[in-house]
Number of protein chains: 2
Amino acid sequence: MSNSQITIKDIAKALNVSVSTVSRALNDSPDLSGATKQQVQEYARQHHYKPNLLALSMKKRESKTIGVIVPQIIHHFFSSVLEGMMDVAEKEGFNVLLFRSRDSFEKEQHSVQQLISSQVCGVLTSIAKETTHYEHFQELVDNNIPVVFFDRICVDIPSNRVVIDDYAGALAATEYLIKTGCHRIAFFCSPLNLEISKNRRGGYLDALSKHGIPVDKDLIKICDNYDEAIPVATEMLQSENRPDAFFAVNDETALGILHATKHLHFKIPEEVSICGFTDGFAAIASDPQLTTVGQSGQDVGRSAMELLVEKIRHKGDQPLIKNKIIKTKLIVRETTR
Amino acid sequence: MSNSQITIKDIAKALNVSVSTVSRALNDSPDLSGATKQQVQEYARQHHYKPNLLALSMKKRESKTIGVIVPQIIHHFFSSVLEGMMDVAEKEGFNVLLFRSRDSFEKEQHSVQQLISSQVCGVLTSIAKETTHYEHFQELVDNNIPVVFFDRICVDIPSNRVVIDDYAGALAATEYLIKTGCHRIAFFCSPLNLEISKNRRGGYLDALSKHGIPVDKDLIKICDNYDEAIPVATEMLQSENRPDAFFAVNDETALGILHATKHLHFKIPEEVSICGFTDGFAAIASDPQLTTVGQSGQDVGRSAMELLVEKIRHKGDQPLIKNKIIKTKLIVRETTR
DNA sequence: ATGAAAGCGCTAACAA
DNA sequence: TTGTTAGCGCTTTCAT
């Protein structure tokens with residue numbers, strides 16, 4: 001059996017009218033006799049007619065489809081972002097074509113190619129950890145496809161951006177650690193090609209200098225996951241001049257540090273304070289419960305999609321670049337004094 | 001600036017050849033002079049030519065796009081499934097159009113309509129909690145679009161299905177508790193209208209009867225989240241005839257129970273054993289680390305996508321219905337003896 | 001080895 | 001009020 005999807009041609013033939021009449025009837029055009037219109041609409045309904053979106057998009061040269069590229073899907077933050085995006089996409093009538101980069105530059109590049117080929121009318125993305133040059137994103141701009149970067153943004157491409165207020169979040173968290181009596185605060189972060197790393201590090205550094213605490217490079221590590229954090233934290237804690245606090249770029253890392261700290265029988269938070277970033281479910285499942293910087297992925301997703309839709313609707317206008325900053329909130333639990 | 005995407009027509013004009021020559025060159029057709037072919041390919045590369053997938057799909061009457069409908073995205077299981085699907089989709093060269101039902105029948109129906117309109121070549125879905133009739137899915141079948149249901153399946157539609165072996169998982173977990181010396185095993189589950197609840201409860205009950213342990217209704221509670229689990233477990237633990245083990249339908253609930261148990265200073269696992277279901281990140285973040293029934297969402301996603309791709313490739317063949325059952329695996333950590 | 005032309009499903013300008 | 005036709009980007013059959 002061949003694809004039995006019914007077309008306007010079929011309806012035209014069946015009703016002995018022209019395709020344009022059918023098209024007009026289905027689009028509820030004003031210049032059409034009520035009788036014909038009703039007849040066509042009735043027939044279409046009965047036969048489950050559905051417009052072919054491919055043909056429509058081709059004709060109108062716009063596809064009502066938005067492309068999304070995320071580094072990963074099983075990930076509290078990114079799945080929250082996706083959920084938020086769907087909220088807005090649904091409301092605004094856009095479909096979503098989903099890609100995943102797995103933090104690979106090559107996959108990201110390929111996804112962008114597919115997205116352009118698919119004639120999407122806009123792209124939302126958070127760049128891969130591997131990515132260090134941006135010609136592929138520039139191609140989107142060259143093809144006049146609006147892009148909004150979120151979280152891991154790309155500053156080299158003129159585009160809208162939605163970011164977590166990483167700097168302020170990190171600053172607040174570090175200051176909190178300082179104010180509760182910590183002096184040697186270690187910082188575990190992602191590779192510095194990512195803006196978020198730079199910003200969170202900036203907040204950390206500024207908090208230190210604001211309170212006259214010298215920066216000790218040995219306390220800053222590139223380490224951003226649970227498994228790696230355990231040995232790295234263990235080593236630091238066994239050193240001569242051990243830290244009395246840790247601030248990590250995400251909850252997983254913080255929980256790895258927590259694991260190592262407990263394993264060495266340090267008292268938490270009396271001897272060692274720990275603060276994460278994200279506030280996923282694991283932060284409350286841990287014992288002691290993790291103090292962390294809360295970031296709303298859903299807000300990020302919603303804002304990014306809203307910005308993109310706005311940009312798509314006002315494509316002709318002056319290309320005003322809008323950045324949106326989503327506030328974080330320090331959630332104090334049990335791993336800090 | 002209008003959409004500057006370059007087409008074969010542009011190439012043809014620039015190189016003073018016909019569009020068919022360009023098309024052949026780009027498809028590496030054998031009957032074409034090497035010179036022309038090279039010239040065209042070179043020009044296409046330089047000008048970042050990308051085929052218009054919409055036009056291609058229309059011509060070939062197949063879109064290389066698969067539609068996915070999930071009830072929710074921020075959800076450990078569903079995001080895992082999605083990740084697994086992407087693994088296979090990527091490998092097999094399909095793009096993914098994502099929809100989310102929010103467990104609403106209406107949204108699910110609308111998503112299916114969009115999917116048919118979008119000419120997807122297959123659909124993967126887990127039905128909404130609200131859904132009780134299935135005409136919309138039948139329409140997919142009528143339009144000759146293969147469907148694979150996963151997790152929350154629909155038995156009324158002839159289609160392939162992928163499910164978790166909930167019964168066996170619950171049976172194995174409960175038996176493990178029994179074999180390690182527990183006699184009064186409480187069971188916390190979701191409302192019984194869900195298949196998974198029924199099946200998991202079935203496994204629990206059968207394990208008890210297999211080992212000659214009488215069922216105590218007071219030990220079975222409808223409770224499936226962290227916050228509710230705390231007071232419910234606390235009350236049970238303070239009762240005369242307290243349970244010596246808990247088995248919960250998901251990790252969140254198990255971790256709520258763990259929280260309550262620790263709070264009452266029971267020794268874990270010596271005095272109280274706890275077992276969850278899912279194996280999310282929180283299971284290893286907790287202390288002690290949670291024993292749980294691991295269900296691989298990624299395997300479910302991969303299997304579902306593989307089954308679908310196979311079905312798409314063999315569309316002409318006899319419509320063999322294949323069900324796939326994904327095994328669970330008991331992951332013993334520190335909350336059980 | 002290359003070109004002309006039809007057609008996928010749909011819309012819209014132009015005719016009638 | 002309705003029909004005819006061109007064209008969106010591409011492939012492919014049939015000519016040349």
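So you know, we letter chains A, B, ... as the sequences are listed, proteins then strands, and number each from 1. Everything numeric in this text was worked out from a predicted model, so none of it was measured.
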Quick note, ring-ring contact (aromatic ring centres under 6.0 Å, His included) partners involving residues 103-125 of chain A, not counting sequence neighbours, are Phe105(A)-His133(A), Phe105(A)-His136(A)
Salt bridge (charged side-chain N to carboxylate O under 4.0 Å, His left out) partners for [X], two or more places apart:
X: Glu306(A); answer: none
X: Asp299(B); answer: Arg302(B)
X: Lys13(A); answer: none
X: Asp28(A); answer: Lys37(A)

Residue set satisfying ring pair (Phe, Tyr, Trp, His ring centres under 6.0 Å) with Phe99(A), at least two apart, ordered chain then number -> none
Residue pairs passing the side-chain hydrogen bond (donor to acceptor under 3.5 Å, both in side chains) test with at least one member in residues 146-157 of chain B, sequence neighbours excluded, are Asp103(B)-Arg152(B)
Within residues 39-52 of chain B, those residues having any heavy atom closer than 4.0 Å to DNA chain C are none
Contact check, residues 12-33 of chain A vs DNA chain C, heavy-atom distance under 4.0 Å, returns Ser20(A), Ser23(A), Arg24(A), Asn27(A)
Inset, instruction - Output yes when Arg313(A) and Glu310(A) qualify as a salt bridge under the 4.0 Å nitrogen-oxygen rule, no when they do not. - result: no
5'-most to 3'-most nt of DNA chain C touching chain A (<4.0 Å, heavy-atom partner on protein side) reads dC8(C) to dA13(C)
Of Gly34(B) and Lys60(A), the one whose closest nucleotide on DNA chain C sits nearer the 5' end is Gly34(B)
Next item on the list: Quick one: label Ser57(A) by what it contacts on the DNA or RNA (base, sugar-phosphate, nothing), any heavy atom closer than 4.0 Å.
Entry: nothing
When rounded to the nearest 0.5 Å, the distance separating NZ of Lys322(A) from NZ of Lys324(A) is 9.0 Å
When rounded to the nearest 0.5 Å, the distance separating CG of Asn52(A) from NZ of Lys50(A) is 12.0 Å
Quick one: are Phe137(B) and Ile127(B) in side-chain contact, heavy atoms under 4.5 Å?
yes
Judged by atom type as modelled, is there a donor-acceptor pair below 3.5 Å linking the side chain of Lys315(A) to the main-chain atoms of Asn144(A)?
yes
Margin query: Quick check against the 3.5 Å criterion: does Gln72(B) have a side-chain atom that pairs as donor or acceptor with the backbone of Arg100(B)?
Written below: no
> What is the ring orientation for Phe78(A) with His75(A), classed by angle as parallel under 30°, tilted 30 to 60°, or perpendicular over 60°?
Replying inline: tilted
For Ala89(B) and Val96(B), the nearest pair of non-hydrogen atoms, with its separation, is CB-CG2, 3.9 Å
Chain A reaches DNA chain D, atoms under 4.0 Å from its heavy atoms, from dT1(D) to dG9(D)
Terminal axes of the helix from dA1(C)-dT16(D) to dA16(C)-dT1(D) (5 end pairs apiece), angle rounded to 10 degrees, sit apart by 50°
